[in-house]
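Accompanying notes for the structure given below.
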Amino acid sequence: MSTLAERPLGWAPTYALLAGVVAAGAVAVRLAPDGQAIATFWPSAGLGLIVLSLNPVRRWTALGPLLALATFSGDVLGGRGLRLAGAHAVAEAIAMVVAALLVTHAGRRRPRLADQEDFVRLLAAAVMSGGLLALGGASASRLVTLEPLGVSLATTFAVHVAAVLLLFPLAVVTEHHWTGRRLELLLQMLLLTAAAVPTFVPGASSTLTFAPVLFLTWAALRFDLRVACAELVLLGILVTSQTAAGIGPFGDAVDSDRVSALIGGALTQGYLASAALLVVPLGLAVQRNTMLLDRITADGKLFRRNFTESLVGMAFLEPDETRRDLVIVDLNETALGILGGREEALLGLRLSELMDVGPDYHEALPQLIDGSLDGWRVEGPLTFARSGQVTLQISSLGENGDEPFFAAQLLDVTAEYDARHGLEAAQTLTNATLDTTNCIIMVTNVEGIVVRVNQATSVITGYREDELLGRKVWDTGITPSDADDVEALIMWPNRSGVPIVRESDSLTKSGEKLRIVWNTNIVRDEVGNPMYAVMTGIDVTAERTTAGLVNHLMEASLTTAIVGIDTAGRISVANSGIQHLLGYERGELVGEPFHRLLKSSELLERTGADTLDEAFDILVRGLGRDGETRARDWTWLTRSGGEQMVSMTLSVAQDAFAAQSGYLCVARDVTEQRHSQEMLIAALDKERTAVERLRALDQAKNEFVSTVSHELRTPVTSIVGYTEMMTDGSVVEPLPEQVPLLETINRNGQRLISMINDLLMLSGLDAETVHWRHDAVDLATTIGPIEEAIRPLLNNRHLAFSVDRPAGAVPVLGDRAQLERVMINLLSNAVKFTEDGGTIGFGLAVVDDHAVITVSDTGIGIPEEEQAELFQRFFRSSTAQVRQIQGTGLGLSIVSAIVAGHGGTIEVQSAHLQGSTFTVRLPLARSERLTHAG
């Protein structure tokens, strides 16, 4: 068993009380009536019960004999014979042990006197121990003469009960609830003395014995219960001593031989026990009521403080005269800031005058008023003093039959609303840009996975959008076949910021080969880190495959400029595309130097030459072994002096004998393409900004959830507390038809508290403020408490539950409470998702250097495609949703966080309707690892 309290009675006070048992016993025996073996008062009984009940139960094996020895010593010192003293000592010790078991709940808790149930237990202990002692006296009648026997046993019972009821409450009453004043206490004590002294003087009338009890009742009603108990003990000492001296109503009756000495003693102790039966329960009732009133007052103040200082906009509403709208009767500062305006201007306004509540409001309002609908939620724009978007949550505060009264919570979601619409606009612009560009456009992430394509890509390549999304761009067959080159193009940082141009062959879905000119650029975030790669491809298959049809090409080409250049660098031929591109007539440029078409400053900068003629020589010397430059963007000058962005390649022209005859320049207008690419990059940048804002809003949402959880915990706890008070009849006994309603409120309140605790736990994990304990924990010792926690869930369920216990200790380092929570959460999930007739298993073992916990069941299982999201917060499997199994989806996310915080892992093996097995692996404590390694 556990100890009775964290601070049990010390040995020094214990020995002092045992000495008091000896002294009180000796005095009681010496003052016993002449010729009688029975004492007419026995305070040792109350002291002995205090000794046992205030000590831990583990000491009782030593204190029981010590108590018997103290009782024996008192009897012997008082003059009793050894045989009678021994029998009395044994009977007294047994009676006190029985009484101590009753008042300490069989040794499980420290004795207290806080309510009527505790007093009933004390009364039962006094009566039962007094009865046992009377039975012991009947047995002792064989050793000594107890005449008359019935009167002797009755006296023994009465003095024992009176001693317990008078002395024991003074030792265990701990509550302090003082309602009177010190001057009033002084007056009460004086009146009590004035009533007690005349009542117990020689020749006093027995009809006055009720007078002191009245003033004791005064003390129980107005002062601390300990004051009333102390006065009761003092009155007991006065009455007992006066009666023993033959003074007072009871002493006069003995002296006048109207009653025997034993009967007089029994009447005296019965009088004191009756006074205790009246004063102590009355004091407890007053004390309890005072506590409840203080708690109600504190809760009221706390509720008002939470309302006025809440970070959430809150208001109280009630129906107007027509009951067709709700009006504001009170609101806090946060609500004033959200709605705008002064308090006096807002009070009395209808809800529909403050915001656009939508068409559903007038349909839901009658249901809210008649109590058939508990709450209603809407999001709409403000229409009173300020503009903005607000989420409104209305909840009923009254019970059925009460006057309708509602609480409203307001949340300003203007920033979130604007961000959402901005993101939608950015996405619309991006989609429009992609779909209206007549070239291949593919957007990839930094890992080269395609995340977006335009409509023209499907038209050109034959691949549907869903066939390309999610694949590596170099695995599609559309990009250059040299995968290493393409991967390096995306993964290596492009620090210059100039688009990378490359021409290669691509395969369509049907296997057709296309010649594509690729332009790739990197989209970066605000700190320069790459986020996306934009690949733009132009199909130049026709230009490359019709090289033999020069005349036709020269005449028909509209968007591509083809320029022939002689070895001296002068233009020898140009197609009609030059006219559309630059505005020159075909023959107008013949004989002119080729560098006339290019922007002079750009040509000199790229070649590093001093003159334009030298620049051309450097440009053609840079041709590769293939005799062709890669496509590159150049700035060409139009006839009117304007600039045109073109993608240009320069190649060597050879005759039939492979002799160099000049050069061929192919240029394509990419102005629109570059403009579209810049628009796409800008759109993606806007989208990234919107995503960052949403991420900030998500953080604000997490903070809001944590704040609301803190704000909700106090009222929900108060609701549960009041519901329990109404259920157990502390305030008023509920009607039978009200009990199910109260139980429903309590059950749902407990669910809300559990959900709030889970949300606070997750909020702490998000904030990275959780510090895990690293205590030595033997997981084998947690099996018993876990079984006790799970057993109630198995009540009224037909489930087989088996436990595979380890052979020895399973020590780990961590937080014992959190590790037990992991196992209890997994087992409670197994019970919840397993139908009757199924099996649940729990196992704990040591495998290598890890503690392995397994929880298995034969329940509904988890579909394989959903297991990747199993440990995400708020996730619930489709099977659980179809079967309408209640839950919040927070349990497994908390389990995963706790296991990860302890350096462990969690795995699941399951399938739809095939049961589930969760396996948790935790590293053993270092010493245990060395043992297993050895």
Side-chain angles (χ1 to χ4, degrees), residues 307-308 310-398 403-429 686 689-691 693-705 707-708 711-712 715:
F307 173 76
T308 56
S310 174
L311 299 178
V312 179
M314 301 182 68
F316 292 128
L317 312 172
E318 64 181 12
D320 61 3
E321 299 83 358
T322 64
R323 300 175 74 88
R324 295 180 180 178
D325 207 341
L326 298 177
V327 298
I328 296 179
V329 297
D330 197 4
L331 71 169
N332 64 357
E333 291 295 331
T334 306
L336 286 174
I338 293 175
L339 296 175
R342 301 186 308 276
E343 182 177 4
E344 56 270 17
L346 291 171
L347 293 179
L349 285 182
R350 291 178 172 84
L351 195 58
S352 58
E353 296 175 337
L354 298 174
M355 63 176 294
D356 183 1
V357 292
D360 296 337
Y361 171 68
H362 296 289
E363 297 180 6
L365 184 58
Q367 302 177 47
L368 287 170
I369 293 176
D370 62 24
S372 59
L373 185 65
D374 293 333
W376 183 74
R377 178 188 179 94
V378 69
E379 179 179 322
L382 294 172
T383 59
F384 182 62
R386 61 179 291 266
S387 61
Q389 195 79 4
V390 171
T391 296
L392 172 68
Q393 174 71 47
I394 301 176
S395 301
S396 176
L397 293 180
E403 187 68 23
F405 197 69
F406 304 94
Q409 293 184 358
L410 299 100
L411 178 63
D412 190 350
V413 294
T414 305
E416 180 181 358
Y417 179 81
D418 293 341
R420 185 168 63 247
H421 280 265
L423 178 60
E424 292 174 355
Q427 290 176 337
T428 302
L429 176 62
K686 289 182 179 179
T689 303
V691 169
R693 293 183 65 185
L694 285 179
R695 185 179 294 114
L697 288 173
D698 186 66
Q699 177 65 26
K701 180 196 71 176
N702 288 338
E703 294 175 359
F704 169 73
V705 169
T707 302
V708 170
E711 296 295 336
L712 286 178

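On a predicted model such as this, the values are computed, not experimentally measured, just so you know. Side chains are part of it too, since the values below use all heavy atoms of this structure and drop only hydrogens, waters and symmetry mates.
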For Leu336, is there any backbone N or O sitting under 3.5 Å from a side-chain donor or acceptor partner on Asn332? no
What verdict does the side-chain contact (heavy atoms from CB on, under 4.5 Å) test give for Trp376 and Gln393, after you've listed the backbone C-alpha separation in whole Å, the side-chain angles of each residue and the deciding distance to 0.1 Å? CA-CA 6 Å; Trp376 183 74; Gln393 174 71 47; 5.8 Å; no
Answer with yes or no after comparing the ring centroid distance for Phe406 and Phe316 against a 6.0 Å cut-off, counting only values under it.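 Aromatic pair excluded; centres sit 6.0 Å or further apart.
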Between Gly313 and Thr334, which heavy-atom pair has the shortest distance, and what is it?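 Gly313 and Thr334 have their closest heavy atoms at N-CG2, 3.4 Å.
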Nearest 0.5 angstrom please: [X] [atom1] to [Y] [atom2], how far?
X: Met314; Y: Ser395; atom1: CE; atom2: OG; answer: 9.0 Å
X: Ile394; Y: Leu351; atom1: CD1; atom2: CG; answer: 5.0 Å
X: Leu339; Y: Leu349; atom1: CG; atom2: CG; answer: 9.5 Å
X: Leu392; Y: Gln409; atom1: CG; atom2: CD; answer: 9.5 Å

Are there more than 12 heavy atoms of other residues, nucleotides or ligands under 6.0 Å from atom CD of Glu344?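 Yes, because the 6.0 Å sphere around CD of Glu344 holds more than 12 heavy atoms from other groups.
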Let's go through Leu331 and Leu347 carefully: what are the C-alpha distance in whole Å and the side-chain angles of both, what is the deciding distance for side-chain contact (heavy atoms from CB on, under 4.5 Å) to 0.1 Å, and is it a yes or a no? CA-CA 8 Å; Leu331 71 169; Leu347 293 179; 3.6 Å; yes
Walk me through it: do Glu318 and Val327 pass the test side-chain contact (heavy atoms from CB on, under 4.5 Å)? CA-CA 6 Å; Glu318 64 181 12; Val327 298; 3.9 Å; yes
Please tabulate, one pair per line, all N/O donor-acceptor pairs under 3.5 Å involving side-chain atoms of residues 360-369, not counting sequence neighbours.
residue	atom	partner	partner atom	Å
Tyr361	OH	Asp325	OD1	2.6
Tyr361	OH	Leu326	N	3.2
Gln367	NE2	Glu363	O	3.4

Is there a side-chain contact between Ile338 and Val390 (heavy atoms, below 4.5 Å)? yes
Can you find a pair of side-chain heavy atoms, one from Arg377 and one from Thr391, that are under 4.5 Å apart?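 Arg377 reaches Thr391 side chain to side chain.
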Going through the checks in order, is the side-chain contact (heavy atoms from CB on, under 4.5 Å) test met by Leu346 and Leu354? CA-CA 9 Å; Leu346 291 171; Leu354 298 174; 3.7 Å; yes
Which residue pairs pass the side chain to side chain donor-acceptor pair (under 3.5 Å) test with at least one member in residues 381-390, sequence neighbours excluded?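 Sorted pair list: Arg386-Asp412.
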